[in-house]
Amino acid sequence: MMVALDGTIVAIANPAIRDDLNASFADVQWVSNAYFLALAVTLITAGKLGDRFGHRQTFLIGVTGFAAASGAIGLSGSIAAVVTFRVFQGLFGALLMPAALGVLRATFPAEKLNMAIGVWGMVIGASTAGGPILGGVLVEHVNWQSVFFINVPVGALALLLGTVILLDHRAENAPRSFDLLGIALLSGAMFCLVWALIKAPTWGWGDGKTWVFMAVSVALFALFAFWETKVAEPLIPLGLFRSVALSAGVVLMVLMAIAFLGGLFFVTFYLQNVHGLSPVKAGLHLLPLTGMMIVGSPLAGTAITKLGPRGPLAFGMAVTAVALYGMSTLEPDTGSGPMSLWFALLGLGLAPVMVGATEVIVGNAPLELSGVAGGLQQAAMQIGSSLGTAVLGAVMASKVDRDLPGNWADAGLPKLTPDQLDKASEAVQVGVAPVTKDMPEPIVAKITAVAHDTFISGMSLASLVAAGVALVAVLVALFTKRGANAEAGAGMGHI
């Protein structure tokens, strides 16, 4: 819950952090980017640590470090300190996320594993979608520091319960050595990929720097793959990907995260900047999405146990595609009823995919590689999230850049200079009308109407692209099957 919550809760706190610490917009972006970068780069290596030393120990160290880093952020008096401790949050978060899946895999027998992952998926989905609600409440009624301080008692409780309850399951043939060169190559490849995705909206997709980092990433991935065939105990045995189902599960996780971001990323701007809702009220409007993920995840676990993953996964992505298509029809004056319908459908569609794709990845990996499989699952989700933000953000930006000058002229507004148009476009991309306090009321009304209509056209196109991604994911889901190694779960020597 802590790791998923901190992925979205901080977005609400960023404006308050900027004002309190006199930070620039670029500084504040790093409050989120530093966390995602540290998390994405180290997830698979952290999963390997769990396979080597035991997932219980790795989980408890991760929980403790995450809570301590959160407390340190709350006590920080500078933006540099906040960003530094956000890196530590990401590193410790990377330790506990794959370890949680490793513990589940080793603890539950095959017939109960899907329900366990269903509850896990419920927590992840609800925390991700619920972040803006909780963040809004804390920032509005307490302060931005409370967004981080809340992790301290939660972490302490998790440490206490984990120490008492969790058993230490170790696979008999767990890895005994570390592939240090493999770790370096994979970490470098992941860093270059995620860095390029983070910076692409600023640099531009056609910029040489974006493609240099992309090219270096591809080269490092190729070197990593070559090295893994030569080393005795590889970080990721490439034989894992001979499982078509596991490979399909990883691809499905990436596509699901892109679609999820398509549903969530622009909707928060739509609710707050177009509809003028406070962060708390915007969060409450997302309750149908959160609620359906809470209800749908355990139900999806039961359905997947009875039917296998293929049908529920394909159904889930098809429902997600319908929901995203519905969200492309939202207008500036759309009421709560239609919004709630599409948000609820999105939650209903995402729930079986969160559960099923995770089971397909973790269940098709050998028990001694369950941590690596958990790291793969989480890395796929983080890359999908970064990719979704970057690609859908680029779709929004290009649509706004294309439509704004014509809409502005059609409304009879004074012509803008290129510099003014760039600034207006940046504001409109998040649903904000580029108005000033000294403008006459009729002009403000016209600019606001143009800004909101243009933003809606961009959000509509981004939602349609995300719906297309979801339809591709329906086809990928057809290649999944029940975990071939899931039977090797509970009962493996606990120490």
Side-chain angles (χ1 to χ4, degrees), residues 11-12 14-34 79-80 83 195-214 261 265-276 331-332 386-463 465:
I12 301 294
N14 277 344
I17 293 173
R18 184 179 60 199
D19 294 342
D20 191 37
L21 299 180
N22 297 316
S24 68
F25 180 69
D27 290 336
V28 170
Q29 281 184 308
W30 274 106
V31 175
S32 294
N33 290 345
I79 193 68
V83 171
W195 181 264
L197 292 174
I198 286 172
K199 298 299 285 184
T202 305
W203 289 342
W205 283 97
D207 190 274
K209 293 191 289 292
T210 303
W211 290 103
V212 164
F213 275 97
M214 287 284 193
L261 260 290
F265 187 66
F266 297 113
V267 164
T268 52
F269 296 135
Y270 170 73
L271 292 171
Q272 290 183 51
N273 297 336
V274 176
H275 275 266
E331 297 290 343
S386 299
L387 200 56
T389 305
V391 172
L392 296 173
V395 169
M396 165 67 87
S398 65
K399 180 68 171 169
V400 169
D401 287 346
R402 195 163 61 247
D403 289 1
L404 184 60
N407 292 347
W408 192 275
D410 291 345
L413 291 165
K415 191 172 181 180
L416 298 173
T417 65
D419 186 49
Q420 288 174 326
L421 189 58
D422 286 344
K423 288 180 179 175
S425 181
E426 282 181 23
V428 172
Q429 285 168 32
V430 292
V432 173
V435 297
T436 57
K437 291 178 182 176
D438 56 346
M439 284 182 177
E441 192 59 42
I443 298 293
V444 168
K446 275 188 178 182
I447 292 175
T448 301
V450 167
H452 290 173
D453 286 341
T454 308
F455 170 80
I456 289 292
S457 69
M459 186 178 83
S460 177
L461 182 59
S463 297
V465 171

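Below, all heavy atoms of this structure are taken into account, side chains as well, without hydrogens, waters or symmetry copies.
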Can you give me the closest heavy-atom contact between [X] and [Y], atom names plus distance?
| X | Y | value |
| --- | --- | --- |
| Asp207 | Lys209 | OD1-N, 2.8 Å |
| Lys399 | Gly458 | CG-CA, 3.6 Å |
| Leu21 | Ile79 | CD1-N, 3.8 Å |
| Pro434 | Ala451 | CD-CB, 4.1 Å |
| Ala411 | Lys446 | O-NZ, 3.3 Å |
| Val400 | Pro405 | O-CD, 4.3 Å |

Using 0.5 Å steps for rounding, measure from the [atom1] atom of [X] to the [atom2] atom of [Y].
| X | Y | atom1 | atom2 | result |
| --- | --- | --- | --- | --- |
| Leu197 | Phe213 | CG | CZ | 12.0 Å |
| Ser425 | Met396 | OG | CE | 10.0 Å |
| Lys199 | Thr210 | NZ | OG1 | 9.5 Å |

Donor-acceptor contact below 3.5 Å, side chain Trp408 vs main chain Pro414: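 Looks like yes, one N/O pair under 3.5 Å.
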
Any donor-acceptor N/O pair, Ser463 side chain to Met459 backbone, under 3.5 Å: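 It does hold such a pair.
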
Partners passing side-chain hydrogen bond (donor to acceptor under 3.5 Å, both in side chains) against Asp19 (at least two apart in sequence or in another chain):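 Counting only residues at least two positions away or on another chain, Asp19 forms no side-chain hydrogen bond (donor to acceptor under 3.5 Å, both in side chains).
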
Pairwise salt bridge (charged side-chain N to carboxylate O under 4.0 Å, His left out) hits with a residue in residues 416-428, at least two apart: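 Found Asp419-Lys423.
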
Keeping to residues at least two apart or across chains, list the side-chain hydrogen bond (donor to acceptor under 3.5 Å, both in side chains) pairs with something in [range].
| range | answer |
| --- | --- |
| residues 434-444 | Thr436-Asp438 |
| residues 409-418 | Thr417-Gln420 |
| residues 447-458 | Asp403-Ser457, Asn407-Thr454 |

Audit row: Leu404, Val450, side chain to side chain contact (heavy atoms under 4.5 Å, CB included) steps and yes/no: CA-CA 8 Å; Leu404 184 60; Val450 167; 3.9 Å; yes

Is any side-chain heavy atom of [X] closer than 4.5 Å to a side-chain heavy atom of [Y]?
| X | Y | answer |
| --- | --- | --- |
| Val435 | Ile443 | no |
| Asp401 | Leu421 | no |
| Phe455 | Val430 | no |

Ring pair (Phe, Tyr, Trp, His ring centres under 6.0 Å) partners of Tyr270, counting only residues at least two apart: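 His275.
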
